[in-house]
Amino acid sequence: MKKIIFIFLATSLIISCVNEIEETPIYNVTFSAAQGGSVSNLGGQYELNHNISVTAIPDGEYMFKKWSDENTNTLRNFKVTSDINLEAFFEKRKYPLIINIEGEGKVLEEIMTAKTTDYDIGTRVKLTAVATGEWYVFDSWGDIDTANVSSNSVELVITEPTTLNVKFKESNIIVKENITRIDIPGQSTEYLRASFYNVSGPFHYNSDGGNYMFYPGTATGWSQNNSLSKDDIESSPSHALKRVNGKWEYFKTFEDVRFWGARNFEIIDNKIVMGDGNEIGDDMTDWDGDTYYGEILGEGDIKWTKVNDNSNMGYYHGSTIGDLNGDGLLDVGGAPGQWYPDLNEWRIKIFTQNNDGSFNNIDNVLDFDSGEIPFTLDFADVFGDSKDEIIFADYGNGDTSSNGNLNQIQIFAYNNSTNKFELHWKSSSPSAFYSVGWGATSIKVYDFDNDGIKDIAVAREGHGSAFEVWKGEGDGTFTPNYSKNFIDNEMQFREFLLMDVNTDGFMDIILRPFHYGSLYRNNPVWWDVYANNGIKLNHLIWINNGDGTFQNYNTEELKIEGMLVDNVHPYMENGILHFVGSFTTDEGNLYGQDAIDLTTYDIKVNLK
């Protein structure tokens, strides 16, 4: 504040202003309780405009009556602008109101009207049931008249001794919803919505203990087998969200990590690979894009490296990382790879990593029959030789009775004498799971039955969606073990993730659904996204029986009502399964005008 000093002289007035350091006023706040209760906040010294709250808490035989300023609200909120001194007063009951609680929760009591200081006839009491356990929700008020019941609140007129049996029930799903305005300068709303709709590219990652979701950039305006080219359509930057207080908010844009249509990714520890699987162009030989290698850093950042140069762009429908040469550095693979017009053949793309983080193209080390190009691959050490092998799964169509190459698994191992990866084993059971050829979209290698031998899981598409598991026999061969397929009107999914969702030590399979289907959507409508009113999760979660066979989670129904969501993506935190979902809308206009309102859901699932 300023202190003004006036000095009068004979013929003139001299005004001198002395500037002192401006200080924020400090006020004293005191809350106290009379007999029969306590207060949640005793007060203290607070700066101007500080927000504080206090609740009057009655003892068991008392009810809150009023504050010393005659206010009768149990909870008080203040913005401090002066000293505050308040006392809470309580009154003893005359008629007992006994509340028996089942589950984890409490009941807040508030006197609405009263004729005397006791619970005489005509005393009106408002009760509010509040769950206290994380997984509990209010269920019922017992046998009382429900005419004055509104959800978890009820008003009673006390006319006699009263007993309530309040019940809180365990919930198996917690959903937190948030709406975030996303406005990226220079980024069209169509591109933003397409990126956050992406089916199989988004992934969860941890950084410095925080939870993040990465959404690869996705271009719009193209469809498979069209006449457009990449000269007509610009690639799109990628984006990330961060979870704050259980809700997802916009975090940052990765301007230099651009895709037309990312299809698949793989994560090992804090390393990631993601490839562009767009289908822009008249012919499959025109479909190409870039693949990126990422390293998760601190504060939510990811250091991205473009693996290929422009001469090694490819159709990265499948992407993987692993150590092919045993040097401790992760190498990159992509399938079906790149079309070489001068050789009239496809080549699976393989890039080895150098010590400086750069990559070399070595796709000529794979001795692969280009007539059987797969759309997915994985690098994994299936033989225990400290070097990864290359695993492929067939993408062919047709009748298994006339084509023995359908639904195949193939493993290529490095031959030191020829310096090439050569076929080591391939399956010979095309009809083991299916009577027709299915197209493999993703491969995961893991020891599903904990016998010390790696097994192979494959996701497939073409006649609906399916996944299967091949059991490793310990001699470099694999046998059919389990499969599950869905027709389109049941469920469609793109790839899957491996997570031990029930923490029993066996790896489970979590499907990544898209579009619609009666096993996924509460209202399986194709043509009207606004007609959808929620999802069910039971058939996304496939629990390992301990022998590499699976059954969907069926202990309790995992159903969420009244939620509009495009796609959901799973992740684990502290042994609990979560799903991240999103939806963009602007009063019926899905693309909006200047930005998008992104509704996000964090779904927490209790698997008992």
Side-chain angles (χ1 to χ4, degrees), residues 266-269 271 273 275 291 293 305 307-309 311-312 314 316 318-340 342-343 345-395 405 408-428 440 442-447 451-458 470-479:
E266 185 170 5
I267 300 177
I268 297 179
D269 298 326
K271 307 298 194 305
V273 66
T291 190
Y293 175 85
T305 300
V307 173
N308 60 281
D309 57 24
S311 65
N312 283 290
Y316 296 107
S319 299
T320 190
I321 48 177
D323 187 359
L324 292 176
N325 50 16
D327 63 356
L329 300 174
L330 292 179
D331 309 308
V332 172
Q338 183 178 9
W339 172 254
Y340 286 82
D342 52 337
L343 301 176
E345 69 177 19
W346 286 89
R347 284 188 179 176
I348 304 295
K349 299 304 293 183
I350 299 177
F351 301 91
T352 55
Q353 186 174 175
N354 301 313
N355 288 325
D356 62 0
S358 62
F359 291 84
N360 295 327
N361 173 41
I362 60 164
D363 54 26
N364 58 352
V365 303
L366 180 62
D367 189 8
F368 193 86
D369 182 358
S370 62
E372 300 177 359
I373 286 293
F375 278 31
T376 186
L377 77 168
D378 196 18
F379 295 166
D381 181 11
V382 296
F383 302 138
D385 59 358
S386 299
K387 294 182 181 180
D388 284 352
E389 284 70 50
I390 305 176
I391 302 98
F392 298 108
D394 180 67
Y395 198 86
N405 292 321
Q408 272 192 350
I409 304 293
Q410 300 182 54
I411 299 177
F412 285 73
Y414 191 72
N415 186 327
N416 290 317
S417 43
T418 63
N419 293 323
K420 286 183 177 291
F421 282 88
E422 299 176 348
L423 181 65
H424 173 84
W425 175 84
K426 69 178 179 179
S427 62
S428 57
S442 184
I443 299 174
K444 305 290 184 186
V445 175
Y446 196 84
D447 180 7
D451 65 351
I453 302 171
K454 297 285 182 65
D455 310 304
I456 298 175
V458 180
W470 295 72
K471 178 176 172 56
E473 297 300 321
D475 58 358
T477 67
F478 296 80
T479 56

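Scanning all heavy atoms of the two residues, the minimum distance from Asp327 to Gln353 falls at OD2-O, 4.0 Å. The minimum heavy-atom distance linking Leu377 with Phe379 is given by the pair CD1-CE2, 3.8 Å. Between Ala335 and Ile348, the shortest heavy-atom contact is CB-CD1, 3.9 Å. For Asn364 against Lys420, the heavy-atom pair with the smallest separation is O-NZ, 2.8 Å. In plain terms, the two heavy atoms of Pro336 and Trp346 that are nearest each other are O-CE3, 3.9 Å. Of all the heavy atoms in Gln408 and Ser427, the pair that sits closest is CA-OG, 3.3 Å.
Residues satisfying the side-chain hydrogen bond (donor to acceptor under 3.5 Å, both in side chains) criterion with Ser311, sequence neighbours excluded, are Asp309.
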Q: For Phe421 and Leu324, run side chain to side chain contact (heavy atoms under 4.5 Å, CB included): C-alpha distance rounded to whole Å, both residues' side-chain angles, the deciding distance at 0.1 Å, then the answer.
A: CA-CA 10 Å; Phe421 282 88; Leu324 292 176; 4.0 Å; yes
Q. Which is it for Thr320 and Ile390 under the side chain to side chain contact (heavy atoms under 4.5 Å, CB included) test, yes or no, and what are the steps along the way?
A. CA-CA 10 Å; Thr320 190; Ile390 305 176; over 6 Å; no
Q: Applying side chain to side chain contact (heavy atoms under 4.5 Å, CB included), run through Lys349 and Val307 and close with a yes or a no.
A: CA-CA 11 Å; Lys349 299 304 293 183; Val307 173; over 6 Å; no
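Atom NZ of Lys444 and atom CG of Asp455 lie 15.5 Å apart (nearest 0.5 Å). Put simply, CG on Asn355 and CG on Leu329 are 5.5 Å apart, with the number rounded to the nearest 0.5 Å. Atom CG of residue Asp475 and atom CZ of residue Phe383 lie 9.0 Å apart, to the nearest 0.5 angstrom. For the atom pair CG (Asp394) and NZ (Lys426), the distance works out to 10.0 Å, reported to the nearest 0.5 Å. Distance check, rounded to the nearest 0.5 Å: CD1 of Ile350 to CG of Asn312 gives 12.0 Å. If you take CD1 on Ile456 and CZ on Phe392, they are separated by 12.0 Å, rounding to the nearest 0.5 Å.
In terms of modelled atom types and a separation under 3.5 Å, the side chain of Glu389 and the main chain of Ile411 share no donor-acceptor contact. Of the possible donor and acceptor atoms, none in the side chain of Asp367 sits under 3.5 Å from a partner among the backbone N and O of Glu422. Between the Asp388 side chain and the Asp381 main chain, a donor and an acceptor come within less than 3.5 Å of each other. A donor-acceptor pair is defined here as one N or O able to donate and one able to accept, closer than 3.5 Å; such a pair exists between the side chain of Asn415 and the backbone of Ser417.
For the pair Asp331/Ile321, no side-chain contact is recorded, criterion being any heavy-atom separation below 4.5 Å from C-beta on. Counting heavy atoms from C-beta on, the side chains of Leu366 and Phe412 come closer than 4.5 Å.
Between the side chains of Thr291 and Asn308, no donor-acceptor pair of N or O atoms lies under 3.5 Å. A donor and an acceptor atom, one from each side chain of Asn360 and Asn354, are located under 3.5 Å apart.
With salt bridges taken as basic N to acidic carboxylate O contacts below 4.0 Å, one links Arg347 and Asp363.
Aromatic ring centres of Phe351 and Phe359 lie farther apart than the 6.0 Å criterion allows.
The aromatic rings of Tyr395 and Phe375 lie parallel to each other, their planes meeting at an angle below 30°, with 60° marking the opposite boundary.
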